[in-house]
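I have placed the structure first, in the form of structure tokens, so that the comments after it can refer back to it.
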Amino acid sequence: MAGRGVTWLGTPTFPKAARTALADTQLRTNLRNATTTIRGKRAGAVAELPDWEPLRRAGEAIKDEVLANLDTYLERLEAAVTARGGVVHWARDAAEANAIVLRLTREAGADEVVKVKSMATAEIGLNEALAEGGVHAVETDLAELIVQLGEDRPSHILVPAIHRNRSEIREIFRREMPGVDQDITDEPRELAEAARKHLRQKFLTAKVAVSGANFAVADSGSVVVVESEGNGRMCLTLPETLITVMGIEKLVPTWSDLEVFLQLLPRSSTAERMNPYTSVWTGVAPGDGPKNFHLVLLDNGRTDTLADTVGRQALRCIRCSACLNVCPVYERTGGAAYGSVYPGPIGAILTPQLLGEDVDEQAKSLPYASSLCGACFEVCPVRIDIPEVLVHLRAEAVESKSKAAPEAAAMSALAWAMGNPRRWAAAQKAAGVGRLLSRGGRISGLPWPGSRWTASRDLPAPPKETFRAWWRRTRG
Amino acid sequence: MAEATEPSATAKAAVLGRIRAALADRPGPVTVPRDYDRTRSTADPLALLAERVEDYRATVHRVDAAELPDRIASSLAARGARRMAAPVDLPTTWLAPEVTWRLDTDQALTIDELDGIDGVLTGCAVAIAETGTLVLDAGAAQGRRLLTLLPDYHLCVVRADQVAVSLPEALARLDGTRPLTFVSGPSATSDIELNRVEGVHGPRTLEVVIVG
């Protein structure tokens with residue numbers, strides 16, 4: 001029995017995966033171009049709104065209000081969806097959610113479903129579970145399609161194929177897309193057109209669609225999907241049966257609360273004033289769209305996360321991916337190194353928490369996949385203090401180990417040295433020895449036990465003179 | 001039915017129980033600061049709307065009410081659209097005579113008919129000037145959601161009184177329980193090296209006529 005999903009079984013710990021990723025220059029080039037571009041665009045889109053900070057504060061508070069009364073809001077949502085002709089299902093974990101979707105698909109008489117990109121269904125491994133039950137899931141988002149055809153892993157929350165350049169995508173299409181013109185060029189326009197042709201018939205004939213949800217309104221039962229390509233609209237309106245899988249934290253209390261999130265999300269994620277398409281539906285609308293609507297409310301570790309008073313703020317996340325695009329660690333390793341459906345800074349805090357008791361060595365390594373520079377907190381539209389949670393999770397990891405563990409020893413030694421000015425001065429002087437090991441101002445290999453530190457990062461060589469010594473000499 | 005609902009009831013009780021246990025500290029009531037801008041004044045909301053819609057590489061025209069029928073006719077002619085779909089309650093003055101109109105009546109247009117048609121003409125419920133967004137709510141002159149999704153060309157008419165400056169203002173005018181579609185420019189993807197490409201699955205061409 002698979003556990004909670006979230007991570008990819010058999011992937012190495014972050015430091016090992018990062019080492020491989022760092023050696024891939026094509027990957028680093030693709031990522032650097034993408035993150036640099038999107039960072040600049042996002043800053044522009046955000047600067048346009050004079051009330052950005054008040055919007056962030058409101059977004060933070062609305063989500064905290066939802067989390068503080070999650071039971072009440074979920075029951076309210078269920079009542080509203082049911083009153084409008086939808087059916088609500090509850091799932092404790094991945095296996096339960098997958099079984100519900102498979103059963104509903106079979107009841108609809110379908111052996112194929114069209115899917116609009118959804119983090120929740122990626123998290124629970126829905127496609128694989130459906131395949132085991134004889135149902136083929138077709139990803140219809142262009143990037144997800146590229147990943148699916150390439151039998152690859154997504155590397156970004158928003159643009160999952162960001163690690164691929166156009167010529168790689170062309171090769172994947174030529175090899176894996178049935179009936180594609182073998183003379184297709186690597187022009188993005190031609191590649192998008194090929195995807196359009198490939199999927200059109202699927203949309204027009206699909207009986208069942210599966211989606212995620214960006215938001216759901218507790219008061220009215222309205223569900224919101226934000227997208228760009230129109231594949232979302234195709235899935236949400238064409239098939240007879242629509243199954244939406246939604247994490248239990250995706251609620252907002254009232255319709256007017258969307259006025260905050262529909263401003264925060266597009267500008268933070270795709271750096272647009274608005275994304276091309278946003279769909280809102282409530283239960284079923286006779287004569288317009290699906291005849292059957294099922295909403296699956298997914299826990300899968302969210303309640304474990306909620307129980308941690310520091311870590312629960314991760315549940316405010318609206319999956320915009322702004323934190324990925326500013327993260328110096330993500331920019332150099334890419335998403336696959338995190339071995340999780342949720343990469344980057346948010347993944348580093350969300351993944352181990354969602355796994356709860358199932359957390360393994362790989363997931364435990366994720367809170368260390370950060371330089372704690374704080375850029376992620378600065379851009380987060382709902383003000384998740386990712387560095388705070390990272391440090392909190394590291395402390396938990398260290399506590400759970402023996403006191404003799406290298407990190408614990410290093411941390412207590414550091415605390416001892418910094419506790420007294422004279423000891424600190426002596427330690428800094430001793431650090432001067434480090435210069436002997438450096439080459440070009442960088443130390444790439446310390447002797448043991450420091451080797452455990454430099455195994456995954458270079459260390460700047462200590463300066464010739466400490467700041468304190470310099471101050472004494474020049475101003476003292 | 002009892003068979004299907006029983007495990008779900010168990011799962012529901014379990015999830016709600018876990019939530020209550022997780023919130024043993026039950027954080028106090030949260031006050032949401034609402035000091036963001038609900039409205040913003042702008043000298044010419046229609047001009048702002050036109051500029052922002054154009055930013056999405058959509059075509060925009062501004063006309064007065066008397067010019068509207070001619071504007072529609074010449075847009076359709078310029079595009080070579082001969083067979084157009086429309087909601088059944090479209091104002092009759094919008095139905096350009098040179099074009100064959102397929103109205104989405106009780107005999108609803110089929111998916112195949114819509115897939116093969118040259119375009120669709122609709123009105124909208126609300127437009128948002130700051131973001132260049134049109135909102136359709138399946139109300140007057142808009143029809144079912146499918147109408148504006150399957151044809152490759154969407155011509156949309158916006159009246160001056162439908163234009164809100166900010167997103168909060170627009171949401172306040174909308175009923176969240178109706179099926180809503182917010183449209184900001186034509187369908188687009190940026191999935192290949194972040195190059196914006198218009199028209200993946202939704203309409204590739206969006207043309208907007210602002211009246212007033």
Side-chain angles (χ1 to χ4, degrees), chain A residues 34 37-38 51 54-55 57-58 61-62 64-65 68 70-71 89-92 96 142-143 159 161 165-166 169 188-189 191-192 195-196 204 217 220 222 228-231 233-234 237 255-256 258-259 262-263 270 273-282 285 287-289 299 303 306-307 309, chain B residues 8 11-12 14-16 18-23 25-27 29-38 52 56 108 111 115 128 130-133 138 144-146 149 167-168 171-172 176-195 197 199-203:
Chain A
T37 306
I38 205 161
D51 58 342
L55 282 169
R57 299 264 175 193
I62 292 167
D64 279 349
E65 162 64 19
L70 191 55
D71 44 351
H89 309 260
W90 300 69
R92 279 165 283 198
E96 208 159 74
L142 178 54
V159 272
N165 63 23
R166 60 181 75 193
I169 295 166
R189 187 165 298 278
L191 295 168
R196 179 187 176 101
L204 300 185
V217 181
S220 62
S222 313
S228 296
E229 295 172 10
N231 63 311
R233 295 179 64 192
M234 290 275 180
T237 48
W255 170 250
S256 66
L258 288 175
E259 72 191 17
L262 289 181
Q263 296 193 75
T270 52
R273 295 184 182 110
M274 267 300 254
N275 48 291
Y277 296 131
T278 298
S279 295
V280 181
W281 72 99
T282 312
D288 188 350
D299 178 350
T303 46
L306 187 64
T309 53
Chain B
S8 180
K12 175 182 172 181
V15 172
L16 290 176
R18 288 173 180 179
I19 291 170
R20 287 170 191 141
L23 291 172
D25 63 318
R26 197 58 84 158
V30 179
T31 308
V32 178
R34 301 280 181 183
D35 55 345
Y36 53 84
D37 302 340
R38 280 179 187 277
R52 297 281 155 98
Y56 293 119
I111 286 173
D115 192 31
I128 309 167
E130 277 191 346
T131 60
T133 304
R144 296 182 292 157
R145 284 173 284 175
L146 267 189
L149 174 60
L167 185 118
L171 289 198
T177 63
R178 297 185 69 92
L180 301 177
T181 306
F182 292 61
V183 176
S184 307
S187 155
T189 183
S190 299
D191 281 344
I192 302 169
E193 295 179 15
L194 296 177
N195 282 280
V197 176
V200 195
H201 306 294

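Predicted model, so just to flag it, every value in this text is computed and none were measured. Letters go in sequence order (proteins before strands), and every chain restarts at 1.
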Please report the shortest heavy-atom distance between [X] and [Y], naming the atom on each side.
X	Y	answer
B:Gly202	A:Arg196	O-NH1, 3.3 Å
A:Tyr277	B:Gly185	CE2-O, 4.4 Å
A:Ala192	B:Val200	O-CG1, 4.3 Å
B:Arg26	A:Ala68	NH1-O, 2.8 Å
B:Arg144	A:Asp288	CA-OD2, 3.7 Å

Under 4.5 Å from any heavy atom of chain A - which part of [X]:
X	value
B:Leu149	both
B:Leu171	both
B:Ala188	both
B:Arg18	both
B:Pro186	backbone
B:Asn195	side chain
B:Thr189	both
B:Arg145	both

Got a sec, which residues hit side chain to side chain donor-acceptor pair (under 3.5 Å) with B:Ser187, two or more places apart in sequence or on another chain?
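Scan of B:Ser187 (side chain to side chain donor-acceptor pair (under 3.5 Å), adjacent residues dropped) gives none.
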What is the distance from atom CG of A:Asp71 to atom CG of B:Leu23, rounded to the nearest 0.5 Å?
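Taking CG in A:Asp71 and CG in B:Leu23, the distance rounds to 6.5 Å.
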Interatomic spacing from CG in B:Leu16 to CG in A:Leu70 - rounded to 0.5 Å
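Taking CG in B:Leu16 and CG in A:Leu70, the distance rounds to 8.5 Å.
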Below 4.5 Å, heavy-atom pairs only: which of [options] has the largest tally toward chain B?
options	result
A:Met274, A:Gln263, A:Met234	A:Met274
A:Arg233, A:Arg57, A:Glu65	A:Arg233
A:Ala143, A:Pro188, A:Ala91, A:Ser222	A:Pro188
A:Leu191, A:Asp64, A:Val159, A:Leu142	A:Leu142

Where on [X] is there a heavy atom nearer than 4.5 Å to chain B: the side chain, the backbone, both, or neither?
X	answer
A:Leu204	both
A:Thr37	side chain
A:Glu229	both
A:Thr270	neither

As an exercise: rank [options] by heavy-atom pairs under 4.5 Å with chain A and give me the winner.
options	answer
B:Leu146, B:Thr181, B:Thr177, B:Val32	B:Thr177
B:Gly132, B:Gly199, B:Pro168, B:Pro179	B:Pro168
B:Glu130, B:Arg52, B:Arg178	B:Arg52

A:Val280 side chain reached by B:Phe182 side chain, heavy atoms, under 4.5 Å
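A side-chain contact under 4.5 Å exists here.
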Contacts of B:Asp35 that satisfy salt bridge (Lys or Arg N to Asp or Glu O under 4.0 Å) - sequence neighbours left out:
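Partners of B:Asp35 by the salt bridge (Lys or Arg N to Asp or Glu O under 4.0 Å) criterion come out as none, since no residue qualifies.
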Regarding B:Tyr36 and A:Glu259, do their side chains bring together a donor and an acceptor under 3.5 Å, going by distance alone?
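Short answer, yes.
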Would you confirm whether A:Asp51, through its side chain, and B:Asp37, through its main-chain N or O, come within 3.5 Å as a donor-acceptor pair?
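Yes, because the side chain of A:Asp51 sits within donor-acceptor range (under 3.5 Å) of the backbone of B:Asp37.
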Please confirm whether the backbone N or O of B:Gly176 pairs with a side-chain atom of A:Thr282, one donor and one acceptor, at under 3.5 Å?
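Between the backbone of B:Gly176 and the side chain of A:Thr282 there is a qualifying donor-acceptor contact (under 3.5 Å).
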